[in-house]
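In listed order, ligands and their atoms are each counted from 1.
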Amino acid sequence: MTISYDKFGLKEVINASGKMTILGVSKVAENVLTAQRFGGEHFFEMSELSSQTGAYLAKLLEVEDAQIVSSASAGIAQSVAAIIGEGSVYHAYHPYTDRIKKREILLPKGHNVDYGTPVEVMVNLGGGQVVEAGYANGCSAEQMEMMITENTAAILYIKSHHTVQKSMLTVAEAAAVAEKYQVPLIVDAAAEEDLYRYSKAGADLVIYSGAKAIEGPSSGLVIGRKKYIEWVRLQGKGIGRAMKIGKENILGLTQAVEDRLEHGSETGDSMKERLTPFIEALNQIDGLKATMVQDGAGRDIYRASVKVLDQSAKAVIAALKAEDPAIYTREYQANNGIIEFDIRAVNEREMEKIITRLKEIM
Ligand SMILES: *Cc1c(COP(=O)(O)O)cnc(C)c1O
């Protein structure tokens, strides 16, 4: 059997958008595949697999407990449902019941973003009602506090480059508000690199996406306090069933987390080194002006920022996607005539292909 792009009439994809980072530590990917394969080839007592991998990860991540879920989005929905239901089986069977009034999920207005799906959709799926604190350009701890009512079920904090960055309370400040009013704090850290920081800062539940910074398979991870994680697990009897994750990916994610803690991710210095010749080559192309920029949220990530001089950046982005291989870039700055290349999942050969294609387009 051979599997290929051709078999299904698919295009090869070069991922310079940065959502999935598979480069740098190829050994890790190999380990993850091995773990997935073991999962695929064996049977397990599924509830044991779930709780034991959770306990294993909790120990590594220095939290009370952990639960692997199918995605960070599923993690948000199930965490919200868990906290609203407080471990009630009746609630798991009737997640949207009128009998439970305490459903408000408080989040800074500038965190109510669309990461591909609006945060609000996942909160609603979990039976929560979004209440926004602060304004579009900022939220202080005081603004958060003034929105708390007897129906506040949890505070939700989205730690992400998608959110408004300025004039926002920190995770620790949100944790202090949560503590003062005795409501749990959920942090969505889906794409973040640091697997310790937010639980150490006082979050009760922290949610990660398996296939982003962790470089694992399609999955999600919820870590935090034992009681809440048990409630998250209970959602498997309710809405969680529609978000089931397979044994292959449970084992794959566990391995990916372990490898990541051992090897770390590609450093900013390594990215800068790999970017330098790429940027030089980009600057040889007429009509492009390339520079190196650091991640907008201040992470140790560097990218090529390319100003398109005489034509529309959107047209160039479309042309990059049109051929085979299809080249995907970061498009957030396209309105300003800028295309960004995130090279975490791009190797040297692929960089050459990008340069060749840009020369054709320009
Ligand atoms: C990507 C992302 C998610 C969703 O992650 P999935 O695992 O794809 O569901 C949630 N929140 C933020 C901030 C994200 O960036």
Side-chain angles (χ1 to χ4, degrees), residues 15 17-22 32 36 57 66-82 105-126 128 130 132 139 154-165 168-171 174 185-195 197-199 201 203 205-224 232 235 239-240 242-246 248-250 252-254 256-257 260 265 295-299 301 303 328 330-332 340 342 344-345:
N15 177 9
S17 70
K19 274 181 213 132
M20 166 123 176
T21 61
I22 51 167
V32 171
Q36 284 180 285
L57 288 175
Q67 171 70 13
I68 296 173
V69 291
S70 63
S71 63
S73 302
I76 298 170
Q78 289 174 98
S79 295
V80 165
I105 305 295
L106 185 55
L107 83 164
K109 190 178 182 76
H111 285 195
N112 196 3
V113 296
D114 182 345
Y115 58 76
T117 300
V119 167
E120 193 157 12
V121 171
M122 291 308 137
V123 171
N124 292 158
L125 187 58
V130 163
E132 294 176 343
C139 177
I155 296 175
L156 176 60
Y157 190 106
I158 315 290
K159 180 71 195 163
S160 165
H161 63 277
H162 290 298
T163 65
V164 172
Q165 304 293 318
M168 278 293 159
L169 77 174
T170 63
V171 172
L185 171 65
I186 305 169
V187 173
D188 169 14
E192 297 305 297
E193 307 265 327
D194 196 319
L195 302 180
R197 187 163 172 181
Y198 309 107
S199 38
L205 288 174
V206 188
I207 298 159
Y208 293 94
S209 184
K212 290 182 179 173
I214 298 172
E215 301 175 21
S218 180
S219 55
L221 177 64
V222 187
I223 66 173
V232 169
Q235 303 314 308
I239 64 163
M243 308 167 194
K244 192 164 72 171
I245 178 167
E248 308 81 4
N249 288 1
I250 291 177
L253 179 71
T254 306
V257 170
R260 185 173 173 76
S265 57
D295 174 63
R299 292 176 294 175
I301 297 169
R303 305 191 177 95
Y328 280 76
R330 282 173 85 80
E331 305 178 9
Y332 304 112
E340 287 189 308
D342 185 312
R344 284 175 290 168

(message) Any nitrogen or oxygen of Tyr115 lying under 3.5 Å from a nitrogen or oxygen in ligand 1? Just yes or no.
(response) no
(message) Looking only at protein heavy atoms, which one is nearest to atom 13 (C) of ligand 1, and what is the separation?
(response) Asp188 OD2, 3.4 Å
(message) Side chains of Asp342 and Asp295, heavy atoms from C-beta outward: is any pair under 4.5 Å?
(response) no
(message) Side chain, backbone, both or neither: which applies to Ala72 and ligand 1 if a contact is any heavy-atom pair less than 4.0 Å apart?
(response) both
(message) Counting non-hydrogen protein atoms only, what is the nearest one to atom 9 (O) of ligand 1? Give residue, atom name and distance.
(response) Ser73 OG, 2.6 Å
(message) Quick one, Val69 and Gln78 - any side-chain contact, counting heavy atoms below 4.5 Å?
(response) yes
(request) Using a strict 4.0 Å cut-off to heavy atoms of Ser160, name the atoms of ligand 1 that fall inside it. (result) 13 (C)
(request) Determine whether Pro108 and Met168 make a side-chain contact, defined as any pair of heavy atoms from C-beta on separated by less than 4.5 Å. (result) yes
(request) Side-chain contact test, heavy atoms from C-beta onward, threshold under 4.5 Å: evaluate it for Ser160 versus Val113 and give yes or no. (result) no
(request) With the side chain counted from C-beta on, respond yes when Arg197 and Glu192 share a heavy-atom pair under 4.5 Å apart, and no when they do not. (result) no
(request) State whether the shortest distance between N or O atoms of Ile158 and N or O atoms of ligand 1 falls below 3.5 angstrom. (result) no
(message) Students should be able to answer this: which protein heavy-atom is nearest to atom 7 (O) of ligand 1, and at what distance?
(response) Ser209 OG, 2.6 Å
(message) Which residue and atom name correspond to the protein heavy atom nearest atom 14 (C) of ligand 1, and how close is it?
(response) Lys212 NZ, 3.0 Å
(message) Do His162 and His111 make a side-chain contact, defined as non-hydrogen atoms from C-beta onward lying under 4.5 Å apart?
(response) no
(request) For the residue pair Tyr208 and Tyr198, categorise the inter-ring angle as parallel (less than 30°), tilted (30 to 60°) or perpendicular (more than 60°). (result) tilted
(message) Show the atoms of ligand 1 that are less than 4.0 angstrom away from any heavy atom in His162.
(response) 15 (O)
(request) Work out whether the distance between some heavy atom of Lys159 and some atom of ligand 1 is less than 4.0 Å. (result) no
